Amino acid sequence: MTEAMTYTLIDGRKVSTDIKNEISQKVAERKALGRKIPHLAIILVGDDGASQTYVDNKVKSCKSVGFHYTMMRFADTISEEKLLKHIDHVNNDDDVDGFIVQLPLPPHISVEKITEKIRSDKDVDGFTNHNFGSIISKNPLLMPATPFGVMELLRRYNIDTEGKHAVVVGASRIAGAPLSMMLAEQGRATVTICHKFTKDLGSYTRSADILLVAVGKPGLITADMVKEGAVVIDIGTTRVEGPQYPKGWAIQGDVDFKAVAPKTSYITPTPGGVGPMTIASLLLNTLRATELQHP
C-alpha cells in the first residue's frame with residue numbers, strides 16, 4: 001500500500017505579508033533620504049461588487065506599505081473618449097508613478113484601447129504590449145501582476161523550475177500566456193500550454209512536474225490528472241453559491257484540492273494562495289516604476 005505524500009502548503013498570505021514588509025522598509029528608506037514616495041492611481045468604472053472589493057484591498061495595501069494613492073471613480077455611463085482623456089491626464093501627472101484601470105469595463109469601452117493608452121512605464125498591471133513583450137527580453141520591465149506573483153512564490157519556496165516540465169492550463173492574456181513565457185524565459189522550464197481546444201487534457205497534466213491552472217472552472221483538475229509528487233499552482237478563483245456554505249457562497253479554485261493535495265509535493269490553497277500575491281506584485285511594480293522614474 002502506497003502512503004500519501006506529505007505535501008507543503010504554499011502560503012501566499014504569508015509571502016505577500018513578507019513582501020509588504022520589505023516594501024514598507026524601502027519606502028521608509030526613500031522617505032529618510034528625501035526621495036519620492038510611490039504614488040498609485042486607481043481608476044474604477046461602474047459599481048461591480050467584485051471590482052469594488054479588489055479596489056478596496058488595493059487601497060488598504062497601499063496604506064499598509066506607506067504609498068500615496070488616488071482613487072478615481074466614474075459612472076459606467078462614461079464615454080470611452082472621456083475615459084481616454086482622464087487616462088491622458090494621469091499619464092501626464094508627474095506625481096503619479098503607476099496606475100491601473102480596474103477590469104472589467106462596461107461593454108461600450110474597448111479594453112484594448114484603454115490598456116494601450118496607459119503609459120508603459122506607469123503600467124503597473126503589466127498589461128500593455130510594450131511590457132508584455134519585454135517578458136522575453138533580457139531586461140523585463142513591469143511584469144503582469146498575477147504571473148509575477150506565481151514566479152515569486154516558486155522562487156521563495158525554492159522550487160526549481162530549470163529543465164522541469166511545466167504545464168500551464170489556460171491561455172489568457174492576464175495569466176496563462178504571460179506565465180508560460182516567464183516559465184520558459186526566466187524559469188528555464190520546458191513549457192506546454194493547454195487551453196479550451198486541447199484534446200485529452202489529462203494526458204498533458206499527468207506529465208507535469210509543475211502544473212499551473214488558470215481557467216476559472218471549479219474542480220477541473222482531479223486527482224487522476226496529477227502526477228505523484230507534482231507541484232500544483234491553482235490560479236483560478238470562482239465564487240460558487242450553494243446552501244451548503246455557511247455564507248451561502250465560497251471561493252473555489254480550478255483544482256479539487258482535497259483529492260489532489262495528498263499526491264503533490266507543493267500545492268497552493270484557494271483562497272490564500274496566488275490571490276494575495278497579485279496585490280503584492282502590483283505593489284512591487286509600483287515601487288519599481290517609482291525607482292525607474294525617480295531614482
Side-chain angles (χ1 to χ4, degrees), residues 38-45 51 54 58 72 74 78-94 96-152 166 168-189 191-197 212 214-216 235 274 277-293:
H39 181 173
L40 176 69
I42 302 167
I43 290 178
L44 177 63
V45 180
S51 293
Y54 292 140
K58 286 166 185 172
M72 301 167 76
F74 302 104
I78 190 172
S79 69
E80 186 177 84
E81 191 187 355
K82 265 197 178 161
L83 188 57
L84 288 166
K85 277 185 181 158
H86 284 295
I87 288 173
D88 260 341
H89 176 73
V90 183
N91 277 338
N92 296 322
D93 184 344
D94 283 342
V96 173
D97 306 296
F99 78 100
I100 60 164
V101 178
Q102 183 66 43
L103 301 179
L105 289 168
H108 68 279
I109 296 176
S110 158
V111 174
E112 288 73 23
K113 263 194 198 172
I114 297 302
T115 301
E116 281 310 306
K117 191 72 171 171
I118 297 170
R119 225 172 81 178
S120 59
D121 59 342
K122 293 188 178 195
D123 164 38
V124 291
D125 259 336
F127 286 166
T128 61
N129 287 337
H130 187 68
N131 285 327
F132 193 88
S134 82
I135 293 171
I136 53 169
S137 77
K138 292 295 168 224
N139 294 303
L141 301 168
L142 299 172
M143 298 285 89
T146 298
F148 181 14
V150 170
M151 295 301 287
E152 198 63 20
V168 179
V169 183
S172 77
R173 170 78 188 242
I174 290 172
L179 180 56
S180 64
M181 291 157 69
M182 287 159 123
L183 284 161
E185 187 65 30
Q186 296 153 30
R188 295 175 181 167
V191 182
T192 300
I193 186 158
C194 302
H195 41 67
K196 62 184 172 188
F197 302 108
L212 310 102
V215 177
I235 302 160
V274 174
M277 294 300 296
T278 301
I279 291 184
S281 305
L282 181 75
L283 297 173
L284 281 170
N285 272 345
T286 305
L287 177 65
R288 179 141 191 253
T290 309
E291 288 170 346
L292 291 170
Q293 291 168 56

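This one's a predicted model, so the numbers in the text were calculated from it and none came from an experiment.
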Does [X] reach the side chain of [Y], with side-chain heavy atoms less than 4.5 Å apart?
X	Y	answer
Ile235	Leu179	yes
Phe99	Asn91	yes
Val101	Phe127	no
Leu282	Leu40	yes
Leu212	Leu183	yes

Report, as yes or no, whether the 6.0 Å neighbourhood of atom [atom1] on [X] holds more than 12 heavy atoms from other residues, nucleotides or ligands.
X	atom1	answer
Arg188	CZ	no
Phe132	CZ	yes
Leu292	CG	yes
Asp94	CG	no

**Study point:** Pairing residues for Gln186 by the side-chain contact (heavy atoms from CB on, under 4.5 Å) criterion, not counting sequence neighbours
**Key:** Ile135, Pro140, Met143, Met151, Met182
Check your understanding: Considering residues at least two apart in sequence or located in another chain, which fulfil the side-chain contact (heavy atoms from CB on, under 4.5 Å) criterion with Lys85?
Key -> Glu81
Review point. For His86, what residues pass the ring pair (Phe, Tyr, Trp, His ring centres under 6.0 Å) criterion, not counting sequence neighbours?
Key: Phe74
Taking every non-hydrogen atom, the tightest pair across [X] and [Y]:
X	Y	result
Val90	Ala41	CG1-CB, 4.2 Å
Leu141	Arg288	O-NH1, 2.6 Å
Ala145	Thr278	CB-O, 3.7 Å
Ser79	His108	CA-NE2, 4.4 Å
His130	Ser120	CD2-OG, 3.3 Å
Gly98	Val124	CA-CG1, 3.8 Å

Point to revise | Given Asn129, Thr115, Thr128, the one that forms side chain to side chain donor-acceptor pair (under 3.5 Å) with Asp123 | key: Thr128
Review point. Given Val96, which of His89, Gln293, His39, Arg119 fulfils the side-chain contact (heavy atoms from CB on, under 4.5 Å) condition?
Key: His39
Donor-acceptor under 3.5 Å ([X] side chain, [Y] main chain):
X	Y	answer
Lys122	Ala289	no
His195	Ser172	no
Ser134	Ser137	no
Lys113	Glu80	no

Point to revise | Intermediate values then yes/no, side-chain contact (heavy atoms from CB on, under 4.5 Å), Asp88 and Lys117 | key: CA-CA 8 Å; Asp88 260 341; Lys117 191 72 171 171; 3.4 Å; yes
**Study point:** Steps toward side-chain contact (heavy atoms from CB on, under 4.5 Å) verdict (Leu103, Asp125)
**Key:** CA-CA 11 Å; Leu103 301 179; Asp125 259 336; over 6 Å; no
